[in-house]
Amino acid sequence: MSTIYFDESGQTGTQLRDAQQPYFCVGSTDLSDDASRDILLASFPRQTVGEIKAQNVLSRASGRRQFLKFCEALASQPDRFCFVKINKRFGVLSKMVDNLVEPVVRAGGYDFYKNDYGRRFANSAYFAFDQILARDVGDRLLDLYNDFARDPSQRALDALQTSLLEALQSAPHGTELFLGLMCEGAEHFEQLHDLEDFKGSNEIHVTAILRSMAHWQKHSQAPFKVIHDESIHFFGNSRGWRYMTDPAMSAQVLNVGDKTLTLPINVVETVPAKSHESASLQLCDLMAGFLTRFASPNLDAEQRRFLQDAIAAGIGTVSIFPIEADYDFVNGYPEKADGPDVVDQIAMAIANTQARRD
């Protein structure tokens, strides 16, 4: 059995458009507590008692110097770590694309996700929101969608529909396509979705955890035991996690980024733990905390130097999967659908599993 430890940084609850903490990161490792403790003791020899936290280490010059030694230790065995870094603002916009645009495109007979079309469309939509649409308009739409996704109601849907229509009516050139499809998706939302299944659809943990498990499946065929910091409520509260680790789920292979994920995920046990009692969780916190603090494009000169020093020390050799906008934009139309897309495959597998359990 392979034991995987998970911790996170940058969690701001339901507020996914936090300018002070724009990134969310999930860190994981398969190093044992003993092996992780050896790394921490060698990297931070003065910290002999108590929990080693990124917030404390990275706020001091002496701590940052020790962190560079920590980077060297991670670089000596980079495959033992996996970190997923998510731009939260892009995450909300991507969910708008997934839940407002994709159903409209699918209803028209197209496979929105085939050949990575959905990701490139999200990149294009994010550029339109970030660079063309007035910032206050874009932020209001993101906030209204986030509120609706967290607590679906007719009132919240009405507010989203109204604001999308107002934005479309005065849309600057270059945003009409994206706003138009979002308007259509919001207008016909109740015909295209099951509200009960939709509730909580902005859960960014899903993307991060599945991306991480695709990494660990590549490195081990053994059953997994997942140990997570007790503050991560996803594992205990997520219906999706329970179904995707349910042995009764029909076996299938899905594309997740540039890797594949086999369902069901072979997890035999998922347990919470206190980070001050686990060196492996502290190791994950250190790296995840570094990524959320130094991923910002608005670093000052000293912070940029430290980032470059960390990269030179070897942090760039560790598996870090960014989920943020890039410049691979959409071109033309998606391909005609020739069967269920990847999202529908997951939904059908979960529904079939639930039916068998019931």
Side-chain angles (χ1 to χ4, degrees), residues 7-28 54 81-102 112-113 115-133 135 138-139 141-143 145-146 149 174-175 178 182 201-215 234 255-259 261 284 287-299 303-304 307-308 310-311 315-331 342-343:
D7 203 353
E8 66 184 12
S9 181
Q11 171 63 274
T12 50
T14 61
Q15 176 53 270
L16 293 184
R17 201 180 52 75
D18 188 336
Q20 300 304 312
Q21 286 191 299
Y23 284 90
F24 169 74
C25 182
V26 166
S28 55
F81 313 97
C82 176
F83 299 91
V84 179
K85 180 189 70 174
I86 300 177
N87 179 308
K88 288 185 278 191
R89 192 170 192 267
F90 178 68
V92 177
L93 188 281
S94 296
K95 291 299 183 182
M96 291 182 72
V97 169
D98 286 340
N99 293 306
L100 298 181
V101 175
E102 188 278 337
F112 188 71
Y113 296 114
N115 297 326
D116 218 16
Y117 188 91
R119 180 186 64 82
R120 291 183 284 115
F121 188 97
N123 287 338
S124 304
Y126 187 81
F127 181 85
F129 268 62
D130 201 53
Q131 300 295 323
I132 305 175
L133 198 63
R135 186 75 179 196
D139 285 350
L141 294 176
L142 292 170
D143 287 343
Y145 175 81
N146 187 45
T175 65
F178 310 107
M182 288 177 181
S201 63
N202 266 12
E203 182 55 80
I204 58 177
H205 284 85
V206 175
T207 303
I209 299 300
L210 294 187
R211 190 68 182 81
S212 300
M213 292 310 301
H215 170 87
F234 165 80
N255 292 321
V256 180
D258 61 350
K259 289 183 169 53
L261 176 72
C284 292
M287 183 60 183
F290 166 79
L291 289 173
T292 57
R293 286 165 176 77
F294 291 90
S296 171
N298 301 317
L299 300 179
Q303 291 170 326
R304 286 196 298 273
L307 174 61
Q308 292 302 317
I311 293 173
I315 206 67
T317 66
V318 176
S319 295
I320 302 171
F321 301 106
I323 299 176
E324 56 189 339
D326 59 34
Y327 296 100
D328 185 9
F329 294 148
V330 72
N331 182 22
V342 63
V343 174

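Values reported hereafter were calculated over all heavy atoms of this structure, with side chains retained and with hydrogens, waters and symmetry mates removed. Since we're looking at a predicted model, the values are computed, not measured.
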message: Are Val206 and Phe234 packed together at the side-chain level, in the sense that at least one heavy-atom pair is separated by less than 4.5 angstrom?
response: yes

query: With sequence neighbours excluded, what pairs up with Phe81 under the ring-ring contact (aromatic ring centres under 6.0 Å, His included) test?
result: none

- prompt: In chain order, what residues pass the side-chain contact (heavy atoms from CB on, under 4.5 Å) check against Ile311, with sequence neighbours excluded?
  reply: Leu307, Gln308, Ile315

query: Looking at Phe24, does the NZ or CZ of Lys88 lie under 6.0 angstrom from its six-membered ring centre and within 45 degrees of the ring axis?
result: no

message: Between Arg135 and Asp130, is there a side-chain heavy-atom distance shorter than 4.5 Å?
response: yes

OH-CD distance between Tyr126 and Glu324, expressed to the nearest 0.5 angstrom: 8.5 Å

query: Less than 4.5 Å apart, any side-chain heavy atom of Thr175 and any of Phe129?
result: no

message: For Phe178, give me all partners under ring-ring contact (aromatic ring centres under 6.0 Å, His included), at least two apart in sequence or on another chain.
response: Phe121

Under the side chain to side chain donor-acceptor pair (under 3.5 Å) test, residues paired with Asn87 that sit two or more places apart: none

query: To the nearest 0.5 Å, how far apart are CG in Leu210 and NE2 in His215?
result: 14.5 Å

field: Test side chain to side chain contact (heavy atoms under 4.5 Å, CB included) applied to Tyr23 and Leu291, step by step
entry: CA-CA 8 Å; Tyr23 284 90; Leu291 289 173; over 6 Å; no

query: For Phe127, what residues pass the side-chain contact (heavy atoms from CB on, under 4.5 Å) criterion, not counting sequence neighbours?
result: Gln131, Ile132, Phe329

Separation between CG of Asn331 and CZ of Arg120, rounded to the nearest 0.5 Å: 7.5 Å

- prompt: Does Cys82 offer a backbone N or O that forms a donor-acceptor pair with the side chain of Ser28 under 3.5 Å?
  reply: yes

query: Nearest heavy-atom pair of Ala128 and Gly174: which atoms, and what distance?
result: CB-O, 3.8 Å

Heavy-atom closest contact (Val26 atom, Ser212 atom, distance): CG1-OG, 4.4 Å

- request: Report the residues that fulfil side chain to side chain donor-acceptor pair (under 3.5 Å) with Thr292, sequence neighbours left out, ordered by chain and then residue number.
  value: Ser9

Whether Asn99 side chain and Lys95 backbone form a donor-acceptor pair below 3.5 Å: yes

query: So do Tyr113 and Glu102 actually touch side chain to side chain, heavy atoms under 4.5 Å?
result: yes

Shortest non-hydrogen separation from Ala214 to Leu261 and the atoms involved: N-CD1, 3.8 Å

Intermediate values then yes/no, side chain to side chain contact (heavy atoms under 4.5 Å, CB included), Val101 and Met182: CA-CA 5 Å; Val101 175; Met182 288 177 181; 3.9 Å; yes

task: Using side chain to side chain donor-acceptor pair (under 3.5 Å) as the criterion, list what pairs up with Asn115, not counting sequence neighbours.
output: Glu335

field: Listed partners of Arg119 passing salt bridge (Lys or Arg N to Asp or Glu O under 4.0 Å), at least two apart
entry: Asp116, Asp326, Asp328

- request: Indicate the atoms forming the closest heavy-atom contact of Leu93 with Ala122, along with that distance.
  value: CD1-O, 3.7 Å

- request: Evaluate the side-chain proximity of Phe112 to Val97: yes if any heavy-atom separation is below 4.5 Å, no if none is.
  value: yes

query: Are the side chains of Phe83 and Val318 in touch, meaning some heavy atoms are under 4.5 Å apart?
result: yes

message: Tell me if a side-chain donor or acceptor on Arg211 pairs with a main-chain N or O of Thr207 at a distance below 3.5 Å.
response: no

message: Using side-chain heavy atoms (C-beta onward) and a distance below 4.5 Å, is Leu141 in contact with Leu133?
response: yes

Contact summary for Arg89 and Gly138, nearest pair of heavy atoms: NH2-C, 4.4 Å

message: To the nearest 0.5 Å, what is the distance between CG on Leu299 and CZ on Phe294?
response: 7.0 Å

